[in-house]
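A, B, ... follow the sequence lines: proteins, then strands. Residue 1 opens every chain.
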Amino acid sequence: MQDAEIRQLPELVGQEVRIRGWLFNKRSSGKLQFLIVRDGTGFLQAVVFKAEVPEKVWADAESLGQESSFWVCGTVREDLRAPGGVELTVKELGIYQLCQDYPITPKEHGVAFLMDNRHLWLRSRRQHAIMRVRNELCFAIREFFYQRGFVLIDSPILTPAACEGTSTLFETDYFGEKAYLSQSGQLYLEPAAAAHGKVYCFGPTFRAEKSKTRRHLMEFWMVEPEVAWMRFPELLDLAEEFVSELVARVLDRCQEELKRLERDTSKLEPATKRPYPRIDYADAIATLQAKGFSVQFGDDFGGDEETALAHESGRPVMITRYPAHIKAFYMEPDPQDPTRALAVDVIAPEGYGEIIGGSERISSYELLEQRLREHNLPREAFQWYLDIRRYGAFPHSGFGMGIERVVAWLCGLDHVRETIPYPRMLYRLYP
RNA sequence: UCCGCAGUAGCUCAACGGUAGAGCGUCCGGCUGUUAACCGGAGGGUUGGGGGUUCGAGUCCCUCCUGCGGAGCCA
C-alpha cells in the first residue's frame, strides 16, 4: 500500500493507494456514499459501496462531517462520472478527527464572515487557486532576477527613520528608541547596488495610511530591483520586460487556477506583448482633460484617472516624467526640464491601478542634500544614504512592484484582501 | 478621517407599525452513481447595545458599536 497525493492519481490507475485529507463534501445514495476528499493537491471522489466494505467502514464514512480529517485506502479507477475523471473505490477508511460544525458551508457567505474565518477560508477552492497563482508569481520573480544576474539583498524591516518621509509609518519601541516598520527597501538597496551592480529585495512593507479601498493593505509585499549605471530609458525597458514575462509565465503555468477563478485570460494576453504604451505625464493630463476630468498639470492621479488612462490598450500603460514636486525626494530631475522627475508609474489595465512606481535616482551629493532640506528630512538619519553619493557616486535606477495588486489583476479579483494569506487592513488584524 | 449602505437562527436572506420565517449547515429517517445530489422530519432567536415615539417596534426617531462600499493617500 503506497501513500499518494491526489494530483498523482491519473498516473496510478489500477493501483491501490492511501490518500490522507479532509472531507470537502459528501453525497450519499442509500447503499452508496460519495466522499469528496481534498488533500491540498487536488480533489478526489472516493466511493464507498455498502455491500463491499465492512460495516464499520460504512458507519465511519457516514459519520464524517465537512472538513473531518481521515484516510482512505482503495483502488484507483478511471470513471468519467467522477469530477477529474479518476475516482477511488474505498476498501478501508480511518478517522483522524471528526467534526460537524465547520463554519464555511458549500453555500454563500458574506465578506465579513469569511474574513473572520480567513484561517479556514484558505481551504476553499477559490482561495487555494489564488495562493497558487501568488506562489507562481513569486517564484517567477525570483527566477527572472536570478537568470539576469541580480543578487537578492534583504532589506531591514525595522528602520530608524522614514524612507520617503511622506507616508505614515508604524512606530514601535526599540529598547527605548523609536523604530519604524519599513515602507520600502529601496534606500537600503542603493548601497547594495554599489556593491553588486544589479540587486533586488523582496519582502513585506508597511504603510500606516488609513486607506480603505480595494487596492490597499497595511502590510503588503514589494519586489524592488535597483541597478547600477542604469538610466531612465533602460529602466522603462526593464519594467516592461519584467511585467510581460511574469504575465506570460502565470498564463502558461496557472491555467487550471485561472480557469477555477473564471478569469478571462484573453484580457491578460495583450500584456505579454511588448512594448507597452508610454505616455508623457503632460500628454496624460491632456488626454484626461479631453475625457472631461478636472485634473490640472501638477496634480497626481486618482484611481478613476488611472483607470481611464489604462483602459485604452488592454496593456499596462507607463506614465513618465511626473512633476518633481509630487514625487519622492530621491528622484533624478529630467535634464530637459528640472521641474519634472525621471519617474515612471506602470498602471495595470481593467482598473487594477498602479502596480509599479520607479525612477532614476539622484546621484549628485549636493542635489540630494538640497532635496533633504526641501523635504525637511533629518540629515543625520540620512548620512549613510548621502555616503553613496560621496564615495563613488554613480547613476542608478530602480522600481518597486506591489505583489498583491499584480495577483489581483492576474486573478481578476475585485479586492487585494484575497491575494495575501492573512491580509492586514484598516480595522482588521484578526486572524 | 469624510460620504453612503447595512446589522434578524451557525451562514445567506425574508417579514405593510399588528402571531419572527425560508434555504443551506447540524441532528434523525429514506434512497445503489451522486455532481453545491434529492425526499421527509426535528432542533435552532434577548431581531448589534442603549434610549425614545406608539395601544403595539425587527420595522419610525436619537445615540453608540460593528461591518461593507467609495473618496483621499499610495504599491
(request) Output the single nucleotide from B:U34, B:U32, B:G25 whose closest atom is nearest the side chain of A:Thr105. (result) B:G25
(request) Would you kindly give the CZ-to-P distance between A:Arg118 and B:G67, to the nearest whole Å? (result) 17 Å
(message) In whole Å, measure the gap between the C1' atoms of B:C5 and B:C73 for me.
(response) 23 Å
(message) Under a 3.5 Å cut-off for both contacts, is B:U1 paired Watson-Crick or G-U wobble with anything, and if yes, with which nucleotide?
(response) B:A71
(request) Go through B:U32, B:G67, B:G33 for me and flag the one nearest to the A:Ala112 side chain. (result) B:G67
(request) Ignoring the backbone of A:Met222, work out which of B:C31, B:C74, B:A75 is nearest its side chain. (result) B:A75
(message) With rounding to the closest Å, how many angstrom separate the C1' atoms on B:G50 and B:A42?
(response) 37 Å
(message) Is it the case that over 12 heavy atoms from other parts of the model lie below 6.0 angstrom from the CD atom of A:Glu78?
(response) no
(message) Any N or O donor-acceptor pair under 3.5 Å from the base of B:U34 to the side chain of A:Gln33?
(response) no
(request) Indicate yes or no: does A:Glu257 engage A:Arg132 in a salt bridge with an N to O separation below 4.0 Å. (result) no
(message) Quick check for you: among B:G33, B:G67, B:C74, whose closest atom lies nearest to any side-chain atom of A:Arg77?
(response) B:G33
(message) Pairing donors with acceptors under 3.5 angstrom, does anything connect the side chains of A:Tyr385 and A:Glu190?
(response) yes
(request) Take atom CZ of A:Phe24 and atom P of B:G25, then tell me their distance rounded to the nearest Å. (result) 13 Å
(request) For A:Gly357 and for A:Met115, find the nucleotide of RNA chain B with the closest heavy atom, then tell me which residue's nucleotide is more 5'. (result) A:Met115
(request) May I ask you to check whether A:His216 and A:Glu209 show a side-chain donor-acceptor distance below 3.5 Å? (result) no
(message) From C-beta outward on A:Asp300, which listed nucleotide comes closest to its side chain: B:C27, B:C74, B:A75?
(response) B:C74
(message) Suppose you measure atom C1' in B:G18 against the same atom in B:C60; what distance do you get, rounded to whole Å?
(response) 15 Å
(message) Students often get this wrong, so: under 4.0 angstrom with heavy atoms, is A:Gln45 touching a base, only sugar-phosphate, or nothing?
(response) base
(request) Using Watson-Crick or G-U wobble geometry with both distances below 3.5 Å, tell me the partner of B:G17, or none. (result) none
(request) With C1' as the reference atom in both, quote the distance from B:U66 to B:G49 in angstrom, rounded to an integer. (result) 11 Å
(request) Measure the distance from CD on A:Gln66 to P on B:G25 and round it to the nearest whole Å. (result) 9 Å
(message) So, using salt bridge (Lys or Arg N to Asp or Glu O under 4.0 Å) as the criterion, who are the partners of A:Glu219 when residues are at least two apart?
(response) none
(message) Heavy atoms only, 4.0 Å cut-off, all strands: where does A:Asp345 land among base, sugar-phosphate and nothing?
(response) nothing
(request) With the side chain of A:Lys212 defined as its heavy atoms from C-beta on, choose the nearest nucleotide among B:C68, B:G33, B:C73. (result) B:C68
(message) Does the structure show a Watson-Crick or G-U wobble partner for B:U66, both distances under 3.5 Å? Name it, or say none.
(response) B:A6
(message) Using Watson-Crick or G-U wobble geometry with both distances under 3.5 Å, which nucleotide pairs with B:C60?
(response) B:G52
(request) Once you apply the 3.5 Å cut-off to both distances, tell me the Watson-Crick or G-U wobble partner of B:U46, or none. (result) none
(request) Assign A:His109 to base, sugar-phosphate, or nothing according to its heavy-atom contacts below 4.0 angstrom with the strands shown. (result) sugar-phosphate
(request) Please state how far atom CG in A:Asp116 lies from atom C1' in B:G10, giving the value in whole angstrom units. (result) 13 Å
(message) At less than 4.0 Å, is any side-chain N or O atom of A:Lys210 found next to OP1 or OP2 of B:U1? Yes or no.
(response) yes
(request) State whether the distance check finds a donor on one side and an acceptor on the other, under 3.5 Å, for side chain A:Arg405 versus base B:C74. (result) yes
(message) Using the side-chain heavy atoms of A:Ser29, tell me which of these nucleotides is nearest: B:C31, B:C11, B:G69.
(response) B:C31
(request) Identify whether any heavy atom of A:Arg428 sits under 4.0 Å from a base atom; if not, whether one sits that close to sugar-phosphate; answer base, sugar-phosphate or nothing. (result) sugar-phosphate
(message) If you only use heavy atoms from C-beta on, which nucleotide in B:C74, B:G33, B:G69 is closest to the side chain of A:Arg417?
(response) B:G69
(request) Quickly work out the A:Leu88 CG to B:G33 C1' distance and round it to whole Å. (result) 16 Å
(message) For B:G40, give the paired nucleotide (Watson-Crick: N1-N3 plus N6-O4 or O6-N4; G-U: N1-O2 and O6-N3; both under 3.5 Å), or none.
(response) B:C28
(request) Indicate, with a heavy-atom threshold strictly under 4.0 Å, whether A:Ile356 touches base, sugar-phosphate, or nothing. (result) sugar-phosphate
(request) Taking only Lys NZ, Arg NE, NH1 and NH2, and the carboxylate oxygens of Asp or Glu, determine whether A:Glu67 and A:Arg38 approach each other closer than 4.0 Å. (result) yes
(request) Tell which nucleotide pairs with B:A22, taking only Watson-Crick or G-U wobble pairs whose two distances are both under 3.5 angstrom. (result) B:U12
(message) Measuring only the P atom in each nucleotide, how far is B:C68 from B:C13? A whole number of Å is fine.
(response) 13 Å
(message) Would you measure the distance from the C1' atom in B:G17 across to the matching atom in B:U47 and give it in whole Å?
(response) 15 Å
(request) Using the P atom on both, measure B:U8 against B:G48 and round to a whole Å. (result) 6 Å
(request) Measure from CD on A:Glu87 to C1' on B:U34 and round the result to the nearest Å. (result) 10 Å
(request) Give a yes/no on whether any side-chain N or O of A:Arg81 is located under 4.0 angstrom from OP1 or OP2 of B:U32. (result) no
(message) Using a heavy-atom cut-off of 4.0 Å across all strands, would you classify A:Pro103 as base, sugar-phosphate, or nothing?
(response) nothing
(request) Select base, sugar-phosphate, or nothing to describe what A:Glu52 touches, counting heavy atoms under 4.0 Å on all strands. (result) nothing
(message) Please report the distance, rounded to the nearest Å, between CZ in A:Phe34 and C1' in B:C38.
(response) 13 Å
(request) Would you indicate whether A:Phe139, at its atom CZ, is surrounded by more than 12 heavy atoms from other residues, nucleotides or ligands within a distance under 6.0 Å? (result) no
(message) Heavy-atom nearest nucleotide on RNA chain B for A:Ala51 versus A:Phe301: which residue maps closer to 5'?
(response) A:Ala51
(request) With the side chain of A:Phe113 defined as its heavy atoms from C-beta on, choose the nearest nucleotide among B:C11, B:C74, B:G33. (result) B:C11
(message) Could you check whether A:Phe297 and A:Tyr281 have their ring centres less than 6.0 Å apart?
(response) yes
(request) State which residues pass side-chain hydrogen bond (donor to acceptor under 3.5 Å, both in side chains) with A:Lys327; sequence neighbours excluded, sorted by chain then number. (result) A:Asp345
(request) Decide, applying a 5.5 Å centre-distance limit and a 30° plane-angle limit (both strict), whether A:Phe220 stacks on B:A75. (result) yes
(request) Could you measure between the two C1' atoms, the one in B:A15 and the one in B:U63, and give it in whole Å? (result) 26 Å
(message) Looking at A:Lys107, I'd like to know whether one of its side-chain N or O atoms comes within less than 4.0 Å of OP1 or OP2 on B:C24.
(response) no
(message) Using side chain to side chain donor-acceptor pair (under 3.5 Å), reason through A:Gln33 and A:Glu62 one step at a time and then give a plain yes or no.
(response) CA-CA 8 Å; A:Gln33 290 184 70; A:Glu62 272 195 315; 4.9 Å; no
(request) With heavy atoms under 4.0 Å as the rule, sort A:Thr205 into base, sugar-phosphate or nothing. (result) nothing
(request) Rounded off to whole Å, could you give me the CG-to-P distance for the A:Leu426 and B:C68 pair? (result) 10 Å
